[in-house]
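Remember, predicted model here, so these are calculated numbers, not experimental data.
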Amino acid sequence: MAEKKQRLLLIDGNSIIYKAFFALPANRFTNDKGIHTNATYGFNRMLDTMLDIVKPTLALAAFDAGKITFRTKMYSDYKGGRKPTPDELIQQFPYVKRLLKARGIKSYQLNNYEADDIIGTLSKRAEKLGYETTIVTGDRDLTQLCSNLTTVSLSKTGVSSVEHFTTEHVIDKFGIKPSQIVDVKALRGDNSDNYPGVTLIGHKKAIKLIQKYGSMENVYQHLDDFSGKKMQQHLIEDKDKAYLAKKLATIDRQSPVTIKLSQVPYLGDQIDQLISFYKDVGFHSYLMQLNNSGKISSPKIKYTQLDSKHLKLIDHLNLDKPVTFYLAMPEPNYHLSPFAGFVIGQEDKWFVSKDIDLLNSNPIKHILESNQIFKNVFDAKRTYVGLNRLGIKLAHINFDMLLVSYLLNTNDNSNDLGKVAAKHGDFNIKSDEQVYGKGAKRSIPDDEILLKHLVSKAMAINNLQDQMFSQLKTNNQEKLYRQIELPVAFTLARMEIAGITVDTNVLNQMKNKYTERLSQVESDIYNQAGEKFNIGSPKQLGKILFEKLQLPVIKRTKTGYSTSVDVLEKLAGESKIVQNVLEYRKIAKILSTYIDGLLKVVHSTDHKVHTRYLQTLTQTGRLSSVDPNLQNIPVRTPEGKKIRKAFIPSHKGWEIFSFDYSQIELRVLAAISGDRNMQKEFAENDDIHASTARRIFNLKSNADVTPNLRRQAKAVNFGIVYGISAFGLSRNTGISRARAKSFIEKYFQEYPNVKKYMNGEVDKAHKLGYVETISHRRRYLPDIHSKNFHQRSFAERTAMNTPIQGSAADIIKIAMIKMERAIQNMSATMLLQIHDELIFEAPDSEIEELTKLVPKTMDSAVKLDVPLKVSVNYGKSWYDAK
DNA sequence: CGTATCACG
DNA sequence: ACGTACGTGATACGG
């Protein structure tokens with residue numbers, strides 16, 4: 001019987017690890033211990049690709065042994081002048097070697113030799129035995145080893161894609177045979193390895209010569225061919241260099257490699273080692289992949305499929321302990337999503353069904369609505385809204401896994417239970433994308449797969465609660481969770497359900513008016529440009545403005561000319577077409593985003609829009625709003641502001657109310673910095689920007705402050721809140737850098753504790769790795785240690801800004817919870833939150849009460865050393881509530 | 001699916 | 001010398 005065909009995979013360890021390091025952003029890949037893992041991750045990606053292609057029977061990874069090799073003895077400057085290997089990469093060598101071992105691949109190095117020589121020697125031995133060899137490297141020079149049995153796979157910039165070089169491919173691509181690569185290098189040298197070839201012979205000329213003469217030596221046999229040319233002289237003078245270069249470039253295929261091919265079988269993944277390795281470095285996606293590959297025996301999922309005849313089984317649950325519940329809605333928009341099924345249970349008792357009607361039967365309904373029985377869920381708000389559609393009032397939540405995960409680390413803001421579970425060490429849950437598919441292929445899978453998936457989710461919620469709660473306690477975040485985030489989830493759910501009424505007639509009338517205005521401006525622009533083009537395409541617009549019409553280029557983007565407002569505004573003075581483009585943009589934006597966009601999402605049944613607040617997304621603790629976003633409805637321009645006329649009360653004889661915190665972020669700053677001067681100004685109800693102007697411009701009293709000075713001071717106050725720099729301030733206000741710098745210095749003199757606060761937050765971020773708000777909401781800032789100036793500066797500004805923006809977010813959340821309780825006996829309804837502003841609707845009869853009650857509740861939400869101020873407006877539409 | 005632009009606090 | 005203001009979402013374009 002013929003012996004089994006052997007396939008050998010040889011890995012150029014050093015080369016691949018370097019390539020991976022520079023291909024993937026180092027700071028995107030850091031584990032909990034702060035160790036970079038980008039090269040390790042990239043290396044593993046390469047392994048996946050190569051193992052899949054080659055399916056090796058033998059495998060070895062070769063590494064350089066050190067700086068001193070036989071080549072440095074020949075030529076001391078060999079590889080001289082290279083930058084030292086970055087620390088972040090050196091750290092990863094032990095990881096990569098452990099990874100290789102866990103994946104069943106031996107690592108090998110040899111004193112005095114480079115990885116290339118080990119690979120050259122072993123591939124030669126393999127050829128003699130008739131083995132197929134694949135060499136994976138990032139170094140082109142190794143293509144000199146190509147033969148009919150040996151392929152060189154060169155990894156490209158993206159780590160996992162490779163280009164396979166066979167003998168034919170080398171000839172095709174380089175125009176010479178593999179063995180002639182060293183001849184080319186003999187003539188041209190190698191800059192990166194720091195040895196010269198022949199003066200004035202570069203890559204192209206060297207190839208031409210070798211194509212003609214076959215080898216470097218043969219070029220020297222025919223020196224006469226070059227008589228009379230400069231090149232002859234160079235060839236003669238640099239002959240020694242050329243011969244040395246050839247020696248340096250030639251891979252030693254007879255090196256004293258001690259390991260035998262029979263000693264490097266490819267063993268395949270060593271599952272236990274690999275799991276512990278992936279856990280140590282934090283490769284969650286690989287753990288999930290391993291899990292889904294079926295290579296790990298996952299815990300048995302035992303469940304009972306429930307039907308209407310067997311609801312009695314639920315009585316076996318211990319209702320003194322929390323019951324875990326999961327409601328499956330495959331679409332992101334839970335106001336509209338169909339229901340796919342549900343799970344209810346605890347510990348080792350799980351009941352699952354696709355029959356949603358069962359939820360309205362007892363004892364399930366009773367359990368969900370009970371104020372005595374604790375429930376565990378993933379995303380309380382989503383679950384509440386879903387159940388509300390079925391007429392069930394979810395109450396008494398103990399553990400919301402999504403919310404807790406977000407509070408523990410705002411960076412982990414995935415909404416997928418499988419991914420969140422993996423972050424907390426449970427790798428047995430598939431992501432929804434894996435189960436339902438994505439894009440056009442999305443569908444509900446077969447019952448067995450679906451039900452198992454749902455049960456596995458509920459089990460993860462059940463299994464992770466203790467561990468995640470204990471972390472919450474360690475972080476001192478229990479109050480934040482139980483008294484702010486969890487209650488506000490329900491407040492938000494009820495606001496979303498309430499929705500806000502939209503008068504589509506108003507929008508449709510605006511649509512007609514603006515469409516006509518847009519086509520007028522459009523034809524003006526075409527006339528002024530002398531041709532038709534797509535005004536909405538920055539590329540085409542740039543061509544017209546900066547090439548055809550020769551307007552001065554003020555700013556560029558990565559891809560071409562910038563045509564953003566600040567650029568166009570600078571050009572508007574000299575050009576009518578630019579004014580028209582600005583007008584066109586403004587109207588087009590209102591039409592597409594606000595008129596058409598809103599009309600698309602108004603529910604036909606109740607004439608309302610029901611936004612969804614994302615409670616676990618932002619890094620600061622703010623909410624965001626989607627589908628539609630009601631936190632960015634226009635207000636700054638008269639044309640845009642008219643959109644607000646479409647937002648009206650849901651009943652005749654009602655009003656829309658707006659309650660605004662005035663300068664809440666500056667007040668928070670005054671409070672948490674403890675700056676007496678700023679506190680005093682707020683206590684005395686001064687115009688804060690005027691007071692700032694008085695201070696930085698050395699005026700006697702606020703009465704001396706001109707509108708222009710006040711405007712500049714206001715900009716400085718904004719800058720302070722954002723984590724100021726002179727550069728940022730000058731850029732944003734148009735004042736000189738020097739002037740901006742002097743403003744900031746004076747500001748810090750006048751408000752000394754603000755400066756102390758800023759420095760203190762940056763220090764905290766350095767020492768602890770995070771900053772926090774007044775309610776202990778945390779934001780981790782790994783980039784604070786970055787060596788990259790840009791990234792580090794950003795982390796520093798974030799350290800200053802997050803406690804301010806985040807504490808303001810805490811305050812309004814507290815106010816919302818209190819507000820809901822305060823109006824529970826009124827008809828008034830809270831509808832929207834826009835960061836520092838709450839929108840209500842209420843009957844005329846409640847105007848007086850509400851306009852007193854809301855500000856009182858909002859300004860007493862928390863106790864600060866600074867008063868909070870709330871302004872009130874109301875009217876027949878949101879537009880009129882001004 | 002990434003980039004540019006622009007809407008809000 | 002370096003060279004960014006903080007936090008979001010929706011839309012249109014174009015590869």
Footprint string (nucleotides 8-15 of chain C, 5' to 3'): B base within contact, S backbone only, - free, heavy atoms under 4.0 Å: SBBSSSSS
What about [X]: does its side chain form a donor-acceptor pair under 3.5 Å with the base of [N]?
{"X": "A/R622", "N": "B/dG9", "value": "yes"}
{"X": "A/Q805", "N": "C/dC6", "value": "yes"}
{"X": "A/R779", "N": "C/dG7", "value": "no"}
{"X": "A/S725", "N": "C/dT4", "value": "yes"}

Dot-bracket encoding of pairs in DNA chain C, which uses [ ] for pseudoknotted crossings and | for another strand, Watson-Crick or G-U under 3.5 angstrom: .....|||||||||.
Could you pull out all residues at least two apart from [X] that satisfy ring-ring contact (aromatic ring centres under 6.0 Å, His included)?
{"X": "A/H603", "value": "A/H610"}
{"X": "A/H790", "value": "none"}
{"X": "A/F657", "value": "A/Y874"}
{"X": "A/F546", "value": "A/Y561"}

What is the distance, rounded to the nearest whole Å, between atom [atom1] of [X] and atom [atom2] of [N]?
{"X": "A/I587", "N": "B/dT5", "atom1": "CD1", "atom2": "P", "result": "19 Å"}
{"X": "A/W878", "N": "B/dA7", "atom1": "CH2", "atom2": "P", "result": "16 Å"}
{"X": "A/D566", "N": "B/dA7", "atom1": "CG", "atom2": "P", "result": "12 Å"}
{"X": "A/K558", "N": "B/dT5", "atom1": "NZ", "atom2": "P", "result": "12 Å"}
{"X": "A/R556", "N": "B/dT3", "atom1": "CZ", "atom2": "P", "result": "19 Å"}
{"X": "A/E665", "N": "C/dA5", "atom1": "CD", "atom2": "P", "result": "17 Å"}
{"X": "A/Y561", "N": "B/dT5", "atom1": "OH", "atom2": "P", "result": "14 Å"}
{"X": "A/L838", "N": "B/dG9", "atom1": "CG", "atom2": "C1'", "result": "13 Å"}

Nucleotide of C/dG7, B/dT5, B/dA7 approaching A/S562 most closely (side-chain heavy atoms): B/dT5
Candidate nucleotides C/dA5, B/dG9, C/dT4, ranked by approach to the side chain of A/I724 - the nearest: C/dA5
Is the distance from OP1 or OP2 of [N] to the nearest side-chain N or O of [X] less than 4.0 Å?
{"X": "A/R731", "N": "C/dA5", "answer": "yes"}
{"X": "A/R585", "N": "B/dC6", "answer": "yes"}
{"X": "A/T559", "N": "B/dA4", "answer": "yes"}
{"X": "A/H790", "N": "C/dT4", "answer": "yes"}

Spacing of the P atoms in B/dT5 and C/dA5 (rounded, Å): 14 Å
P spacing across the pair B/dC6 / C/dC2, given as an integer number of angstrom: 29 Å
At 4.0 Å (heavy atoms only), tell me whether [X] reaches a base, stays on the sugar-phosphate, or touches nothing.
{"X": "A/R612", "answer": "nothing"}
{"X": "A/F789", "answer": "base"}
{"X": "A/I804", "answer": "nothing"}
{"X": "A/D836", "answer": "sugar-phosphate"}
{"X": "A/A726", "answer": "nothing"}

A/D675 side-chain N/O to A/N753 backbone N/O, donor-acceptor pair under 3.5 Å: yes
Just to verify, what does [X] make a side-chain contact (heavy atoms from CB on, under 4.5 Å) with, not counting sequence neighbours?
{"X": "A/V872", "value": "A/F659, A/T851, A/P855"}
{"X": "A/A588", "value": "A/L518, A/Y584"}
{"X": "A/S523", "value": "A/Q520"}

A/R779 to A/Y770 six-membered ring, cation-pi geometry met (6.0 Å, 45°):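 No - A/R779 does not lie over the ring of A/Y770 by the 6.0 Å and 45° rule.
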C/dC6 base stacked by A/Y722 (centroids within less than 5.5 Å, tilt under 30°): yes
Pair A/Y514-A/Q509, side-chain donor/acceptor within less than 3.5 Å: no
A/K548 with A/E531: basic N within carboxylate O range, under 4.0 Å: yes
Ion pair check, A/R622 and A/E665, cut-off under 4.0 Å: yes
Sequence neighbours excluded, every pair satisfying side chain to side chain donor-acceptor pair (under 3.5 Å) that has a member inside residues 711-721 of chain A: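 Listed by first then second residue: A/H689-A/N717, A/T692-A/N717, A/N708-A/R711, A/N717-A/Y747.
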Salt bridge (Lys or Arg N to Asp or Glu O under 4.0 Å) against A/K513, all qualifying residues, sequence neighbours excluded: none
Contact list for DNA chain B against residues 506-513 of chain A - heavy-atom distance below 4.0 Å: none
Along DNA chain C (nearest heavy atom to each residue), the more 5'-positioned of A/T798 and A/R737: A/R737
